[in-house]
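Take a look at the structure below.
Each chain gets a letter, A, B and so on, in the order its sequence line appears, and its residues count up from 1. Below, all heavy atoms of this structure are taken into account, side chains as well, without hydrogens, waters or symmetry copies.
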Number of protein chains: 2
Amino acid sequence: MPTKFNDAVKNWKLLVAADIVVFTFCDSELKVLLVKRKYAPGVGKWAIPGGFVRETESLETAALRELKEETGLEKEGYLEQLYTFGDVARDPRARVISVSFLVLVNEPEKIKLKSTDDATEAKWFSVKKIPELSFGQSHKEILIYALKRLRWKFEYTNVALSLLPEHFTLSDLQQIYETMYNDKVDKRNFRKKILSLDLVEPLEQVRQEAGRPALLYKAKSKKLKMFARIY
Amino acid sequence: MPTKFNDAVKNWKLLVAADIVVFTFCDSELKVLLVKRKYAPGVGKWAIPGGFVRETESLETAALRELKEETGLEKEGYLEQLYTFGDVARDPRARVISVSFLVLVNEPEKIKLKSTDDATEAKWFSVKKIPELSFGQSHKEILIYALKRLRWKFEYTNVALSLLPEHFTLSDLQQIYETMYNDKVDKRNFRKKILSLDLVEPLEQVRQEAGRPALLYKAKSKKLKMFARIY
DNA sequence: ACAAAAGTGTTCCTAATACACCCATGA
DNA sequence: TCATGGGTGTATTAGGAACACTTTTGT
């Protein structure tokens, strides 16, 4: 008889949560979406949006459902599973195992964030000014992990394209890299590299702001592509 | 009142499993450790070792405990969380969410694999000759994912060192890369590259097999190190 | 004419590739 | 002396890094 399975069912006491770290880029800053908690623990404090996975839905489905329920955010560009945090004491209420996700959205100014049943407020925070978070260190740990992974993806993939609108200039793209690396990048070398990677194609439109009009580009594909190698 | 939490507790019907993909290198082949199942589902078929996570242990602890219980394998070199698989229909018995791990061991010939309470047999299989696995496609999916990740780690990190014994020759290392890439590598360039990365240091011993004795090296550190960049 | 941002080429240097022979040992 | 695997150097090429001025527009 399958004793281990029976044991496990008898002791059915684990909860699985999906937590979603949503990044966007706006006002020359990388921002993350947080919600103000309505319920214990941590009422009134900010937290990473998330909630419990139901028996009948996949992890991704749960993540997107929770995200919508808590922030009103519906259609995202990029979604990736990050890591599963399972320390025994993460949540004071019960043993909760959290599967975390990374979501990237572009054009945040077009998104209406709603106050909802589960959170009194949802708001973008610059990653340089994160408020105190509920759930002790555990949400902070998730956020730090997400940031690390995102920076890494910038170095090795075309993921930056998911933070830009359909049409963008090479300077827009460069600015995202500069923000991400927290460093200036040489314009000529940057353009040479990006164009040589064949990631974008020029349109026949320009965008006019201050100064000389800038040629607009679009992504050839937003499918994740990887680069480089050790040996 | 925290209604969502109460709902979740009321519907406590998810199980969390830890599944462990163990790789080693032997006889010029990459091998994976599988167990023959004693209980349903899939009695008598081979499966990736793993089992249910208990309420009082972390995910890593559960993974190592299950690994020991099912295969007798105790001390490993490298352990990394891989991915969490959560499709609704993965397991016919219940909703099971599987947190998968990658483990690398060296010197498999020194490891005694025991038949245990949970598995009738544990055995190394060449990744080129994987038998049919239980749990439909789900264990196969995990294995394919683990292999992809491992190959990737070979390209961008020093993880190969975790598949070698304390002392090894540069040819040993090269052979692992050749197996992994399924391709020949130029000896001079390989040595130049590895030495320039400052990953290993020469010992004052040689190893004598057929032909000229080979200088032995050891890893400067087995801590995971990463290399290269897109921009 | 000036301010503001876009756009563009060349030189230098480092690192990747391709390639073939001699060396130390045991049988 | 032969078979076996270990060990070594150079020339070519491709790509990364550093660097400053001209162009186009609005005001």
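- Asp27(A) and Lys31(A) get closest at one heavy-atom pair: OD2-NZ, 3.6 Å.
- Using a 4.0 Å heavy-atom criterion, one finds that Glu209(A) contacts no nucleic acid atom at all.
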Distance-only criterion, 3.5 Å: show the donor-acceptor pairs between side-chain atoms of residues 162-169 of chain A and protein atoms not counting sequence neighbours.
residue   : atom : partner   : partner atom : Å
Thr169(A) : OG1  : Ser171(A) : N            : 3.4
Thr169(A) : OG1  : Asp172(A) : N            : 3.0
Thr169(A) : OG1  : Asp172(A) : OD1          : 3.2
Thr169(A) : OG1  : Asp172(A) : OD2          : 3.3

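- Note: NZ (Lys193(A)) to C1' (dG15(D)) measures 9 Å, nearest angstrom.
- As rounded to whole Å, 18 Å separates atom P of dA17(D) from atom NZ of Lys184(A).
- Regarding Phe190(B), its CZ atom lies at a distance of 16 Å from the P atom of dA18(C), rounded to whole Å.
- With rounding to whole Å, Gln208(A) atom CD is found 13 Å from dT23(D) atom C1'.
- Under a 4.0 Å N-O distance rule, the pair Lys153(A)/Glu80(A) qualifies as a salt bridge.
- Between Gln205(A) atom CD and dT25(D) atom P there is a gap of 16 Å when expressed in whole angstrom units.
- Going from atom NZ of Lys222(B) over to atom CG of Leu161(B) covers 7.0 Å, rounded to the nearest 0.5 Å.
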>> Return a single string for nucleotides 1-9 of chain C, one symbol per nucleotide in 5' to 3' order, where B is base contact, S is sugar-phosphate-only contact and - is none, cutoff 4.0 angstrom on heavy atoms.
In response: ---BBBBBB
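- Ring geometry for Tyr145(A) versus Phe85(A): interplanar angle over 60°, hence perpendicular rather than tilted (30 to 60°).
- Environment of CD in Glu132(A): sparse, with no more than 12 heavy atoms of neighbouring residues, nucleotides or ligands closer than 6.0 Å.
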